[in-house]
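Here the structure is laid out as structure tokens; the discussion comes afterwards.
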Amino acid sequence: MELASKYNPADVESKWYQYWLDNGFFKSKPDGREPYTIVIPPPNVTGVLHMGHMLNNTIQDILVRRARMLGKNACWVPGTDHASIATEAKVVNKLAQQGIKKSDLSREEFLKHAWAWTEEHGGIILKQLRKLGASCDWDRTGFTMDETRSKSVIKVFCDLYKKGLIYRGVRMVNWDPKALTALSDEEVIYKEEHSKLFYLKYYVAEDDGKGETGAEGEVVHRDAKGRYAVVATTRPETIMGDTAMCINPKDPKNRWLSGKKVIVPLVNRVIPVIEDEYVDIEFGTGCLKVTPAHDVNDYMLGEKYNLTTIDIFNDNGTISQAAGMYVGQDRFDVRKQIEIDLDKAGLLEKTEAYTNKVGYSERTNVVIEPKLSMQWFLKMEHLAKIALEPVMKDELKFFPPKYKNTYRNWLENIKDWCISRQLWWGHRIPAYFLPKGGYVVAETAEEALALAKEKSGKELKLSDLRQDEDCLDTWFSSWLWPISLFDGINNPGNEEIKYYYPTNDLVTGPDIIFFWVARMIMAGYEYEGDMPFRNVYFTGIVRDKIGRKMSKSLGNSPDPLMLIEKFGADGVRMGMMLSAPAGNDILFDEALCEQGRNFNNKIWNAFRLVKGWEVNEQLAQPASAEIATKWFGMQLNKTIAEINDCFEKYRISEALMAVYKLFWDEFSSWYLEMVKPAYQQPIDKATYEKTLGYFETLLKLLHPFMPFITEELYQAIKDRDQKDSIMVSLLPKAEEVCEKKISRMETTKEIIAGIRNIRAEKGISPRESFEMYYKGDLDEKNNAVIEKLANVSKIEKATGDLGGATATFMVGTIEISIPLGNNINVEEEVKKMEEEIKYLEGFLVSVNKKLGNEKFVANAKPEVVENERKKKADAESKIATLKANIEKMK
RNA sequence: GGUCUUAUAGCUCAGCUGGUUCAGAGCACCUGCCUUACAAGCAGGGGGUCCUAGGUUCGAAUCCUAGUGGGACCACCA
């Protein structure tokens, strides 16, 4: 078989993915084995794969494939999220392009469009995951709005309602004027903004323009029209909703306003001046305008002082009838206009540049309007309580653990969760209103009817009930994901939920720790009485190589599929992992995928070498090969233990680096060179079989990271049964390691490197063989290896004087000398040795200083002191040797 | 403003309980090589005030304090 010198991933990737699918290797059913479960963080159903997904799913696939190869029953459940607001926004946009307004459609008609859109774009992302090699059990693919999941959501809603944890009420909520819905606090993103602070004049009502002068410390504003207060605001357009002005009772400069009434500028409404310590004396003028309908804190004041609320906004952010002016105009247009109007009327004292934080809708990116409205809420106190302790006690572990703090902080300051959304795409709230007021909550309309009859004591028909128009927050379905995927809500205690729950690892970004992770933990304990997953691995955010967040608008995000095409899925997976230490942001650079691809090629070429050997059964195993096979077995086990340790700590990129070095350095650069027969010569059987065995083990270790090339080569090593795939093979266990063999080989490598170095420095061809003499206790067991790799014809312990023409170097305390005949430059050698002596003498000084310090000798641990003494002796003996050598050369 | 986190080679990061695994890895860089698996390669090499200033200690990259510079999250300023 002639193999190309370059590996071509495109030739093999789809073939093996299909093979895995055809043989059902991704499938999982409960059985007697230990389960290993991951549920995918469901991507938006209509989304496309981005680099964040690549990272996330690569990690999950590595964990799942590894678990499978450890003999566990690995189950990775894929699925998608209906993404209520995001998807609805997309559908609304698409309809708008066709000239259709959502408001012109009935709920049913709109949902038809939404489902059509979902079917058209849905699941693209899952297909893309296949290209990456994701070993999900596709038969289990879930969707947050499929039948099982929907039923679960409704059931949970009713249950929480019955438990008194869900309530309905008018509250100040975050209103998205574009999507026309309420949002939870978590869906609001605060951005710093350069805006203006407007100073408005509020004249004192019934003031004759003369009035008294201010007392000590008071600041009284006055002009021809009378006395006035100045209020600083960033939102002058809300003055139509002002129903009070507030000062701090401890504020001397505004004392004179106490008990007065003032006139809202332009609006001319007379409002009271109230006093509350909430007002910051230092801010602006210390006078606050109170608009209870449009600011959270003002609302609080309104409640406290029983102020009237005037809602001056329509749902879409335009000014409402209630405002009485600027009706129908947009809030931001009015802000500009009212500035002009106030100024003209002499009611604007000044404006100042000002930086403040403004809340934006996470999804539609419009400025959030705090708004009073009737919504459904979930009480969080109980749920927060049951979710906190397991994480703080590390029963449920976070990687990296620093996120425990973030988690605790959120849970300890949690507010009730606004779960209703004024959207159609989602789970409709199962609340039914009675004709004469009141409502009932039930899983089905029929049950609701029964309850309604009971409640009203009257005969009612289904058509008399009106179901709540709102639907639930997307996260109200995703928080059940680890349970609902195994139907644990509808069918408690079923075989699957018992087997797969709690799941093992959750891999996700820290950006959804509140949205999703925390809430899943709550739901897990509430509904299963147990954690939803044992470990949470938080990935970093994928950034470009100069640290900018990858985003569509910056155009700095590569298309994952293009990357796969260019470097192969294995190369890209490796590129992602090389750059991804846990918890730190990932500075993604295509060069890392290139490194991944190069590594693939390295593996490929190592395979070409091994596979190209011809075996001669008569041949005895050469000594060098025997040493090599024994040593590499040890090295292999050592690295396996290292890898296991890395995985335990979720240091996945370090695990990869360990295999990488094992394959490239130890196996390819050292081992293969040791056992490689001369050109076109056959190899002995024992070495050949050992080597193939090692190769296969290496492939297994690499498989979780690079599934495709490893399957390709696993199959190419020999003919295998249809069902014999590397992905269902078992990883070797780490066996006892003989450290002595390993350290002996390290010495051997150093000697070889030293000799190669001499050749390089002197320009002597590798073909010209050397003799080697040594002083010190060199273990001669590896001599055959030195002879082969350094082209040394003879190794001997130096007995007498070697004469002048030798190059000498030290490996530990062993002195290696290579006679060079005419190739030597005595002066150069002496100079080199003198430099070494200088260094050693400096070293000695520091060691002697330490040993001369009585406190050190008295206080340090004995072994440390002993070590220092040894260092001293070694250095002294080295210096003596070097000095003797110099003498001889001269 | 609060909480947390971080600073080590040109870049990205390891460095555990303070001491020979103590200054490391990968990449990048430099110098030789188209040597017979691999130039997507091989063999070598250079490169760091371990952020700054104090402190604890016989001994500090490591522990403590402060400062400076990054980053993250939360929160209230109209």
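Below, read A as the first sequence line, B as the second, and so on, with proteins coming before strands; counting in each chain starts at 1.
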### Query
Could you spell out the base pairing of RNA chain B in dot-bracket, with Watson-Crick or G-U pairs whose two distances are under 3.5 Å, [ ] crossing and | to another strand?
(((((((..((((.....[....)))).(((((.......))))).....(((((..]....))))))))))))....

### Query
Whole-Å distance between rU5(B) P and R408(A) CZ?
10 Å

### Query
How would you list, by chain and number, every residue that makes a side chain to side chain contact (heavy atoms under 4.5 Å, CB included) with L587(A), sequence neighbours excluded?
R543(A)

### Task
Describe, in one word, how the ring planes of F632(A) and Y694(A) are oriented to each other, choosing from parallel (under 30°), tilted (30 to 60°) and perpendicular (over 60°).
perpendicular

Quick test: give all pairs of protein nitrogen or oxygen and nucleotides 57-63 of chain B nitrogen or oxygen below 3.5 Å, distance rounded to 0.1 Å.
| residue | atom | partner | partner atom | Å |
| --- | --- | --- | --- | --- |
| rC58(B) | O2' | N853(A) | ND2 | 2.8 |

### Query
Once the angle between the rings of F695(A) and F663(A) is folded into 0 to 90°, is it parallel (under 30°), tilted (30 to 60°) or perpendicular (over 60°)?
perpendicular

### Query
Can you tell me if the side-chain N/O atoms of N757(A) get under 4.0 Å from OP1 or OP2 in rG45(B)?
yes

#### Entry: Considering all heavy atoms, the nearest L257(A)-V262(A) contact
CD2-CG1, 4.3 Å

### Query
Just how far, in rounded Å, is P of rU36(B) from CG of L672(A)?
17 Å

### Task
Only counting residues at least two apart or in another chain, list the ones meeting side chain to side chain contact (heavy atoms under 4.5 Å, CB included) with M300(A).
Y278(A)

### Message
Under the rule for ring-ring contact (aromatic ring centres under 6.0 Å, His included), what residues qualify as partners of W613(A), not counting sequence neighbours?
### Response
none

### Message
Any N or O donor-acceptor pair under 3.5 Å from the base of rC38(B) to the side chain of K602(A)?
### Response
yes

### Message
On RNA chain B, does the nearest nucleotide to W613(A) precede the nearest nucleotide to A591(A) from the 5' side, or the other way round? Give the residue.
### Response
A591(A)

Please write out the pairs of protein N or O atoms and N or O atoms of nucleotides 21-23 of chain B separated by less than 3.5 Å, giving the distance to one decimal.
none

### Task
List for me each residue that meets ring-ring contact (aromatic ring centres under 6.0 Å, His included) alongside Y7(A), sequence neighbours excluded, and say none if there are none.
W604(A)

### Query
How many Å lie between CG on L411(A) and P on rU3(B), as a whole number?
19 Å

### Task
In whole angstrom, give me the gap between the C1' atoms of rC38(B) and rC42(B).
9 Å

### Task
Please measure how far the P atom in rA53(B) lies from the corresponding atom in rG15(B), and state the result in whole Å.
25 Å

#### Entry: Pair K638(A) + E666(A): basic N to acidic O under 4.0 Å
no

### Task
Could I get the full list of ring-ring contact (aromatic ring centres under 6.0 Å, His included) partners for W417(A), not counting sequence neighbours?
F476(A), W479(A)

### Message
Under 4.0 Å, heavy atoms only, any strand: does K676(A) hit a base, just the sugar-phosphate, or nothing?
### Response
base

### Query
What pairs with F198(A) under ring-ring contact (aromatic ring centres under 6.0 Å, His included), at least two apart in sequence or on another chain?
none

### Query
Between CD of E746(A) and CD of Q635(A), what distance do you get to the nearest 0.5 Å?
6.5 Å

### Message
When the C1' atoms of rA25(B) and rG48(B) are compared, how many Å lie between them, rounded to an integer?
### Response
14 Å

### Query
Hey, does the side chain of R597(A) come within less than 4.0 Å of rC38(B)'s phosphate (OP1/OP2), counting only N and O?
no

### Query
Is any side-chain nitrogen or oxygen of N598(A) closer than 4.0 Å to OP1 or OP2 of rG41(B)?
yes

### Task
Give one of base, sugar-phosphate or nothing for V279(A), where a contact means two heavy atoms less than 4.0 Å apart.
base

### Task
Measure the distance from CZ on R759(A) to C1' on rU31(B) and round it to the nearest whole Å.
19 Å

### Summary
Under a 4.0 Å heavy-atom cutoff, the residues of residues 660-668 of chain A touching RNA chain B are Y660(A), K661(A), W664(A), S668(A)

### Same-atom distance (P) from rG24(B) to rU49(B), integer angstrom
14 Å

### Query
rC51(B) and rG69(B): how far apart are their C1' atoms, nearest whole angstrom?
8 Å

### Query
When the distance from NZ of K749(A) to P of rG44(B) is rounded to whole Å, what number comes out?
12 Å

### Summary
To the nearest angstrom, the CG-C1' distance between D645(A) and rG15(B) comes to 14 Å

### Task
Ignoring the backbone of K6(A), work out which of rA40(B), rG19(B), rU12(B) is nearest its side chain.
rA40(B)

### Query
Could you state the CD-P distance from E412(A) to rG2(B), rounded to the nearest angstrom?
18 Å

### Query
Does N405(A) offer a backbone N or O that forms a donor-acceptor pair with the side chain of N409(A) under 3.5 Å?
no

#### Entry: rC73(B) to rG67(B) separation - P atoms, rounded to the nearest Å
24 Å

#### Entry: Working for ring-ring contact (aromatic ring centres under 6.0 Å, His included), residues F538(A) and Y403(A)
CA-CA 9 Å; F538(A) 289 106; Y403(A) 289 110; 4.8 Å; yes

### Task
For T285(A) and V230(A), indicate whether the former's side chain and the latter's backbone hold a donor-acceptor pair under 3.5 Å.
yes

### Message
Distance check needed: rG19(B) P versus K870(A) NZ, whole Å only.
### Response
19 Å

### Query
Is there a donor-acceptor pair under 3.5 Å between the side chain of R335(A) and the backbone N or O of E237(A)?
no

#### Entry: Atom C1', compared across rC63(B) and rU57(B): separation rounded to whole Å
10 Å

### Flag if over 12 foreign heavy atoms under 6.0 Å of NZ, K740(A)
no

### Query
Reckon L587(A) touches a base, only the sugar-phosphate, or nothing at all at heavy-atom distances under 4.0 Å?
sugar-phosphate

### Query
Is there a donor and acceptor pair closer than 3.5 Å between the side chain of E673(A) and the base of rA43(B)?
no

### Message
Test your reading of the model: is there a side-chain donor-acceptor pair from D585(A) to the backbone of I541(A), 3.5 Å cut-off?
### Response
yes

### Query
Within the modelled atom types, does a donor on one side and an acceptor on the other bring the side chain of R756(A) and the base of rA43(B) under 3.5 Å apart?
no

### Message
Quick check on RNA chain B: between G284(A) and A753(A), whose nearest nucleotide comes earlier from the 5' end?
### Response
A753(A)

#### Entry: salt bridge (Lys or Arg N to Asp or Glu O under 4.0 Å) partners for D645(A), two or more places apart
K649(A)

For nucleotides 69-77 of chain B, tabulate all protein N/O to nucleotide N/O atom pairs closer than 3.5 Å, reporting atom names and distance.
| residue | atom | partner | partner atom | Å |
| --- | --- | --- | --- | --- |
| rA75(B) | N6 | K357(A) | NZ | 2.8 |
| rC76(B) | O3' | N297(A) | ND2 | 3.1 |
| rC77(B) | OP1 | N297(A) | ND2 | 2.3 |
| rC77(B) | O2 | D280(A) | OD2 | 3.4 |

### Query
Quick check: are there more than 12 heavy atoms from other residues, nucleotides or ligands sitting under 6.0 Å from CD of E854(A)?
no

### Task
Sticking with atom C1', work out how far rG47(B) lies from rG26(B), rounded to a whole angstrom.
15 Å

